[in-house]
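Below: the structure, in C-alpha coordinates.
Just so you know, these numbers come straight off a predicted model, no measurement behind them. The first residue in the sequence is number 1, and the count goes up from there.
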Amino acid sequence: MKYWLMKTEPGCFSIDDLAVAPKQTSCWDGVRNFQARNFMRDDMSVGDLVLFYHSVTNPGVVGIARVARESYPDHTAWNPADQHFDPRSTPEKPLWFMVDVQFVEKFPHPVPLASLRGVKGLETMELLKKGSRLSVMPVTEDEFNIVTRLARQ
(Lines give C-alpha, C1' and ligand atoms only; values in the text may rest on other atoms or scores of the structure.)
Protein backbone atom coordinates (compact mmCIF):
# COMPACT_ATOMS: atom_id res chain seq x y z
CA MET A 1 0.00 0.00 0.00
CA LYS A 2 1.10 3.52 -0.78
CA TYR A 3 0.07 6.84 0.73
CA TRP A 4 -0.77 10.12 -0.97
CA LEU A 5 -1.88 13.66 -0.36
CA MET A 6 -4.36 15.18 -2.82
CA LYS A 7 -5.18 18.88 -2.80
CA THR A 8 -8.51 20.36 -3.72
CA GLU A 9 -10.14 23.71 -3.32
CA PRO A 10 -13.12 23.20 -1.01
CA GLY A 11 -15.25 25.53 -3.15
CA CYS A 12 -14.71 23.20 -6.12
CA PHE A 13 -14.83 19.79 -4.43
CA SER A 14 -14.66 19.31 -0.68
CA ILE A 15 -14.46 16.32 1.63
CA ASP A 16 -18.17 16.88 2.26
CA ASP A 17 -18.85 16.63 -1.49
CA LEU A 18 -17.05 13.30 -1.55
CA ALA A 19 -18.98 12.08 1.48
CA VAL A 20 -22.34 12.69 -0.25
CA ALA A 21 -21.31 11.49 -3.73
CA PRO A 22 -22.97 8.28 -4.96
CA LYS A 23 -21.24 5.39 -3.18
CA GLN A 24 -19.10 8.12 -1.56
CA THR A 25 -16.90 7.86 -4.64
CA SER A 26 -15.83 10.34 -7.30
CA CYS A 27 -13.31 10.71 -10.09
CA TRP A 28 -10.36 12.98 -9.39
CA ASP A 29 -10.34 14.87 -12.65
CA GLY A 30 -8.73 18.06 -13.90
CA VAL A 31 -5.13 17.38 -12.88
CA ARG A 32 -3.03 19.27 -15.43
CA ASN A 33 0.48 18.83 -14.09
CA PHE A 34 2.61 16.11 -15.63
CA GLN A 35 4.29 15.01 -12.40
CA ALA A 36 0.96 14.76 -10.55
CA ARG A 37 -0.53 12.96 -13.57
CA ASN A 38 2.34 10.49 -13.54
CA PHE A 39 1.77 9.71 -9.86
CA MET A 40 -1.88 8.93 -10.57
CA ARG A 41 -1.25 7.11 -13.84
CA ASP A 42 1.82 5.09 -12.90
CA ASP A 43 1.92 4.70 -9.13
CA MET A 44 -1.54 4.78 -7.55
CA SER A 45 -3.25 1.47 -6.84
CA VAL A 46 -6.68 0.50 -5.57
CA GLY A 47 -6.61 0.57 -1.78
CA ASP A 48 -3.93 3.25 -1.44
CA LEU A 49 -4.84 5.81 1.23
CA VAL A 50 -5.08 9.53 0.58
CA LEU A 51 -4.80 12.51 2.90
CA PHE A 52 -7.57 14.81 1.65
CA TYR A 53 -6.26 18.38 1.71
CA HIS A 54 -8.25 21.58 1.37
CA SER A 55 -6.11 24.31 -0.16
CA VAL A 56 -6.42 28.08 -0.56
CA THR A 57 -8.71 29.16 2.32
CA ASN A 58 -7.61 27.75 5.70
CA PRO A 59 -5.35 25.13 4.11
CA GLY A 60 -5.14 21.84 5.93
CA VAL A 61 -5.75 18.10 5.93
CA VAL A 62 -9.44 17.42 6.48
CA GLY A 63 -9.84 13.68 6.08
CA ILE A 64 -8.94 10.42 4.41
CA ALA A 65 -9.97 8.88 1.10
CA ARG A 66 -9.03 5.62 -0.59
CA VAL A 67 -8.12 5.02 -4.23
CA ALA A 68 -11.14 3.11 -5.55
CA ARG A 69 -10.19 2.79 -9.23
CA GLU A 70 -6.81 2.87 -10.90
CA SER A 71 -6.03 5.48 -13.53
CA TYR A 72 -7.99 5.91 -16.71
CA PRO A 73 -8.16 8.73 -19.27
CA ASP A 74 -9.55 12.03 -17.99
CA HIS A 75 -12.45 12.61 -20.36
CA THR A 76 -12.90 16.22 -19.19
CA ALA A 77 -9.87 17.08 -21.34
CA TRP A 78 -11.91 16.21 -24.46
CA ASN A 79 -14.88 18.47 -23.75
CA PRO A 80 -14.44 22.01 -25.12
CA ALA A 81 -17.09 23.25 -22.68
CA ASP A 82 -15.20 21.91 -19.63
CA GLN A 83 -12.79 24.16 -17.75
CA HIS A 84 -10.18 21.38 -17.94
CA PHE A 85 -10.36 21.05 -21.75
CA ASP A 86 -7.04 20.39 -23.47
CA PRO A 87 -7.14 20.11 -27.28
CA ARG A 88 -3.86 18.14 -27.24
CA SER A 89 -5.61 15.23 -25.51
CA THR A 90 -7.84 12.91 -27.53
CA PRO A 91 -9.65 9.63 -26.79
CA GLU A 92 -7.17 7.92 -29.14
CA LYS A 93 -4.16 9.49 -27.45
CA PRO A 94 -5.11 10.69 -23.96
CA LEU A 95 -2.71 13.08 -22.31
CA TRP A 96 -4.38 13.35 -18.90
CA PHE A 97 -5.49 10.65 -16.47
CA MET A 98 -7.55 10.42 -13.30
CA VAL A 99 -8.36 7.96 -10.54
CA ASP A 100 -11.50 7.42 -8.50
CA VAL A 101 -11.36 8.11 -4.79
CA GLN A 102 -13.75 6.97 -2.06
CA PHE A 103 -14.55 8.70 1.22
CA VAL A 104 -13.10 7.04 4.31
CA GLU A 105 -13.19 9.63 7.09
CA LYS A 106 -13.66 13.31 7.80
CA PHE A 107 -11.50 14.50 10.67
CA PRO A 108 -13.29 16.12 13.64
CA HIS A 109 -10.96 19.10 13.20
CA PRO A 110 -8.80 19.97 10.18
CA VAL A 111 -5.05 19.77 10.64
CA PRO A 112 -3.90 23.22 9.50
CA LEU A 113 -0.88 23.55 7.25
CA ALA A 114 0.76 25.88 9.78
CA SER A 115 0.50 23.28 12.53
CA LEU A 116 2.28 20.66 10.40
CA ARG A 117 5.42 22.78 10.17
CA GLY A 118 7.91 21.87 12.85
CA VAL A 119 6.31 18.53 13.68
CA LYS A 120 8.93 15.85 14.30
CA GLY A 121 8.82 13.33 11.49
CA LEU A 122 7.42 15.73 8.88
CA GLU A 123 10.66 17.59 8.15
CA THR A 124 10.94 16.17 4.61
CA MET A 125 7.23 16.00 3.76
CA GLU A 126 6.75 17.25 0.19
CA LEU A 127 3.78 19.44 1.16
CA LEU A 128 5.98 21.45 3.52
CA LYS A 129 8.82 22.09 1.07
CA LYS A 130 9.21 25.66 -0.10
CA GLY A 131 7.67 26.09 -3.54
CA SER A 132 5.86 22.75 -3.52
CA ARG A 133 2.73 23.20 -5.62
CA LEU A 134 1.81 19.67 -6.66
CA SER A 135 -1.85 18.78 -6.27
CA VAL A 136 -1.04 15.06 -5.96
CA MET A 137 2.02 13.91 -4.05
CA PRO A 138 3.29 10.84 -2.24
CA VAL A 139 3.61 10.77 1.53
CA THR A 140 5.40 8.15 3.55
CA GLU A 141 3.55 5.78 5.84
CA ASP A 142 5.13 7.53 8.83
CA GLU A 143 3.99 10.95 7.56
CA PHE A 144 0.48 9.60 6.98
CA ASN A 145 0.37 8.16 10.50
CA ILE A 146 1.68 11.36 12.11
CA VAL A 147 -0.92 13.52 10.33
CA THR A 148 -3.80 11.19 11.18
CA ARG A 149 -2.65 11.01 14.80
CA LEU A 150 -2.64 14.83 14.97
CA ALA A 151 -6.13 14.91 13.45
CA ARG A 152 -7.56 12.53 16.02
CA GLN A 153 -6.12 14.27 19.11
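Across all their heavy atoms, Phe144 and Ile64 have their closest contact at CZ-CD1, 3.9 Å. The two residues Gly63 and Phe107 make their nearest non-hydrogen contact at N-CD1, 3.4 Å. The shortest non-hydrogen separation linking Val99 to Met40 is CG1-O, 3.9 Å. Taking every heavy atom of both residues into account, Ser55 and Glu9 meet most closely at OG-CG, 3.7 Å. The two residues Asp43 and Asp48 have their closest heavy-atom pair at O-OD2, 3.9 Å. Minimum interatomic distance between Phe52 and Ile15 (heavy atoms only, all atoms of both residues): CE2-N, 3.4 Å.
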Exercise for the section: Determine, stepwise, if the pair Leu51 / Met6 fulfils side chain to side chain contact (heavy atoms under 4.5 Å, CB included). Expected result: CA-CA 6 Å; Leu51 293 172; Met6 298 175 87; over 6 Å; no
Exercise for the section: Tell me, with the steps shown, if Leu134 and Phe39 meet side chain to side chain contact (heavy atoms under 4.5 Å, CB included). Expected result: CA-CA 10 Å; Leu134 286 176; Phe39 286 140; 4.0 Å; yes
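Residues Arg133 and Asn33 form no side-chain contact, since every pair of their non-hydrogen atoms from C-beta on lies 4.5 Å or further apart. Side-chain contact between Tyr53 and Ser135: absent, with no pair of heavy atoms (C-beta onward) separated by less than 4.5 Å. Annotation: side chain of Ser45 is in contact with side chain of Lys2 (closest heavy-atom distance under 4.5 Å). Phe103 has its side chain out of reach of Val20: every pair of non-hydrogen atoms, C-beta onward, lies at least 4.5 Å apart. Two residues are said to be in side-chain contact when any heavy atoms from C-beta on lie closer than 4.5 Å; Met125 and Leu5 meet this criterion. Side-chain contact between Gln35 and Met137 is absent, with no heavy-atom pair separated by less than 4.5 Å. Within the 4.5 Å cutoff, no side-chain heavy atoms of Asp29 are placed close to those of Trp96. You'll find the side chain of Asp100 stays beyond 4.5 Å of the side chain of Lys23, heavy atoms only.
One side chain, Trp78 or Ser89, offers a donor N or O that lies under 3.5 Å from an acceptor on the other.
Thr140 places a side-chain N or O within 3.5 Å of a backbone atom of Glu143 that can act as its donor or acceptor partner. Not one N or O on the side chain of Arg66 forms a donor-acceptor pair closer than 3.5 Å with the backbone of Val104. Proximity of a side-chain donor or acceptor of Ser115 to a complementary backbone N or O of Val111 within less than 3.5 Å is not detected. Side-chain atoms of Asp74 never come within 3.5 Å of backbone atoms of Met98 as a donor-acceptor pair (strictly under, hydrogens ignored). Remark: the backbone N or O of Leu128 is paired with a side-chain donor or acceptor of Arg117 at under 3.5 angstrom. Under the 3.5 Å distance criterion, the side-chain polar atoms of Glu126 are left unmatched by any main-chain donor or acceptor of Pro138. For Thr76 (side chain) and Asp82 (main-chain N/O), no donor-acceptor pair under 3.5 Å exists by modelled atom type.
In this structure, Phe13 and Trp28 have perpendicular ring planes: the angle between them is above 60°, well past the 30° mark.
Rounded to the nearest 0.5 angstrom, Asn79 CG and Asp86 CG are separated by 12.5 Å.
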